[in-house]
Amino acid sequence: MKLTEKEQALLDGKHGHGLKKAMEILMSLGRIYGAKEMVPITSAQIAGVSYKNIGDPGLEFLTDWADQDARVHVPAFMNPAGIDRQLWRQLRFPEAFAQKQIEIIEVLKRMGVRATLTCTPYHIGIVPQQGEHIAWSESSAVSYANSILGARTNREGGPSALAAAFCGRTPRFGLHLHENRLATHRVLIKCRLKSSADFGLLGYSIGKKVGSGIPLFQGLGLPTDATKRTAYLKALGAAMAASGAVALYHIQGFTPEAIAYGDRIVKSDAMTIEIKSAKNGKTPLTPNYPITRLPNYQILSLDEARQTLNQDGDQIDLVTLGCPHASLEELKEIASVIGNHQLKKPLWIASSAIVREQARANGIIEIIEKAGGSVLADTCMVVAPLEEMGIKFIATNSAKAAAYLPSHQGAIVHFGTTEECIEAAIKGHF
Ligand code: F3S
């Protein structure tokens with residue numbers, strides 16, 4: 001790999017052992033993926049913050065690096081942790097877990113990483129521009145940044161994003177290169193999707209089908225209301241990144257690269273997937289894969305995805321919304337659905353601390369709390385220690401959360417629309 005003088009100095013340890021180690025990580029990645037050079041980045045988003053995910057070995061690794069004087073050289077932000085720093089006692093999070101979690105946050109802060117603790121940094125003013133190179137690591141944030149904002153990032157791991165933040169650069173490979181951002185699949189939508197849950201189901205189905213491919217959606221009807229549109233797109237991207245490894249998608253006539261390149265954004269050998277309404281009217285959507293172009297021909301339906309994500313029974317311990325983290329407008333909508341109702345079961349809505357403060361100032365938090373619900377900041381249902389807290393039956397409107405909760409929390413999951421989830425919290429069952 002061709003290095004600049006500064007990069008060579010970093011690698012030679014002239015800026016300290018912490019940065020040398022960071023540069024070595026980036027060099028290894030670059031070699032593995034055939035990068036010819038490094039590219040400067042403007043920000044880094046660091047995943048692997050929750051103690052639930054990284055445990056003591058992760059804490060030790062971070063502490064060692066911090067002790068070697070490694071400090072970030074571009075703005076860097078933390079992904080959600082395992083606790084809400086304000087509410088963990090009130091919500092009965094385990095004390096020992098919380099203490100370890102606080103240690104991790106403090107170590108990252110010592111290295112200069114901002115404790116934003118959110119997977120939707122773009123809701124708190126961190127909005128990279130089209131063409132900007134960044135090193136983000138939470139998969140739904142990566143998907144949003146690449147697809148909707150047109151920024152360029154690979155799906156980084158926690159350590160590689162941190163290494164990139166220390167060195168201010170990342171190896172130029174994968175999605176940093178235009179030729180790797182072309183669509184591998186056309187997805188023709190011939191039906192109407194009506195909720196963020198529908199977009200989540202679509203994402204879950206397509207992610208399973210395309211793996212790490214890049215879909216171009218054609219005919220995807222988007223709401224004119226900007227709040228709904230953003231919520232739906234977040235749900236779509238998050239689900240595709242969870243069931244598959246989709247880090248970038250295009251929407252014809254909407255996303256920046258689809259607009260800029262028109263049909264040239266699609267690879268000449270792209271496969272086609274068609275999604276249409278079923279004839280009997282019962283199944284709302286049926287993706288149909290033309291037999292001539294896909295060797296492993298399969299007919300799936302979104303109903304099938306809904307069934308996969310929904311387990312038997314109607315019992316719930318907890319209803320969770322806000323995966324990815326909710327925006328202020330989404331919190332407002334949730335509060336309006338709750339209205340004057342009283343909740344029989346806990347309702348947790350995940351968001352960032354900044355958005356929660358804005359919602360408090362707008363009287364939104366008061367409505368939710370009066371009903372018996374909570375807006376959690378800094379954490380989420382997947383990275384909090386729910387299993388340890390004895391929470392087993394969970395309802396959610398997020399296809400990503402529904403896909404992860406059984407394996408990450410040993411949970412029994414119910415998946416539905418936002419309204420169905422809130423209704424479940426009101427009634428006490430799903
Ligand atoms: Fe964000 Fe947690 Fe979902 S990190 S995307 S709320 S699993």
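Atoms within a ligand are numbered from 1 in the order they appear, just like the ligands themselves. We count residues from 1, following the sequence as given. This is a predicted model, so every value here is computed, not measured.
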Compute the centroid of each ring, for Phe77 and then for Trp136, and state whether the two points are separated by less than 6.0 Å. no
In terms of the angle between their ring planes, are Tyr144 and Tyr122 parallel, tilted or perpendicular, with boundaries placed at 30° and 60°? parallel
Taking 4.0 angstrom as the limit and counting only heavy atoms of Ser140, give me the atoms of ligand 1 inside it, by number and element. 5 (S)
Taking only heavy atoms of Glu138, which atoms of ligand 1 are found under 4.0 Å from at least one of them? 5 (S)
Report yes or no: does Cys323 have an N/O/S atom closer than 2.8 Å to atom 3 (Fe) of ligand 1? yes
Verify whether the ring centers belonging to His178 and Tyr261 lie closer than 6.0 Å. yes
Leu87 to Arg356 - nearest heavy-atom pair and separation: CD1-NH1, 3.5 Å
For Gly322, the ligand 1 atoms whose distance to one of its heavy atoms is below 4.0 Å: 6 (S)
Heavy-atom nearest neighbour in the protein, as seen from atom 2 (Fe) of ligand 1, with distance rounded to 0.1 Å: Cys380 SG, 2.3 Å
If you count the atoms of ligand 1 from 1 in the order shown, which ones are under 4.0 Å from a heavy atom of Val382? 7 (S)
Is the distance from atom 2 (Fe) of ligand 1 to some N, O or S atom of His325 under 2.8 Å? no
For atom 5 (S) of ligand 1, which protein heavy atom lies nearest, and how many Å away is it? Lys400 NZ, 3.4 Å
Mark the output for Ala238 as yes if a heavy-atom distance to ligand 1 is under 4.0 Å, and as no if none is. no
Locate the shortest heavy-atom distance separating Ala335 from Ile368; write the atom from each residue and the value. CB-CG1, 4.1 Å
Could you tell me if Lys21 sits above the aromatic ring of Phe61, with its cationic atom closer than 6.0 Å to the ring centre and no more than 45 degrees from the axis? yes
In the protein, which heavy atom is nearest to atom 1 (Fe) of ligand 1, and how far is it? Cys119 SG, 2.3 Å
Return yes when atom CD of Gln99 has more than 12 non-hydrogen atoms of other residues, nucleotides or ligands closer than 6.0 Å, and no otherwise. yes
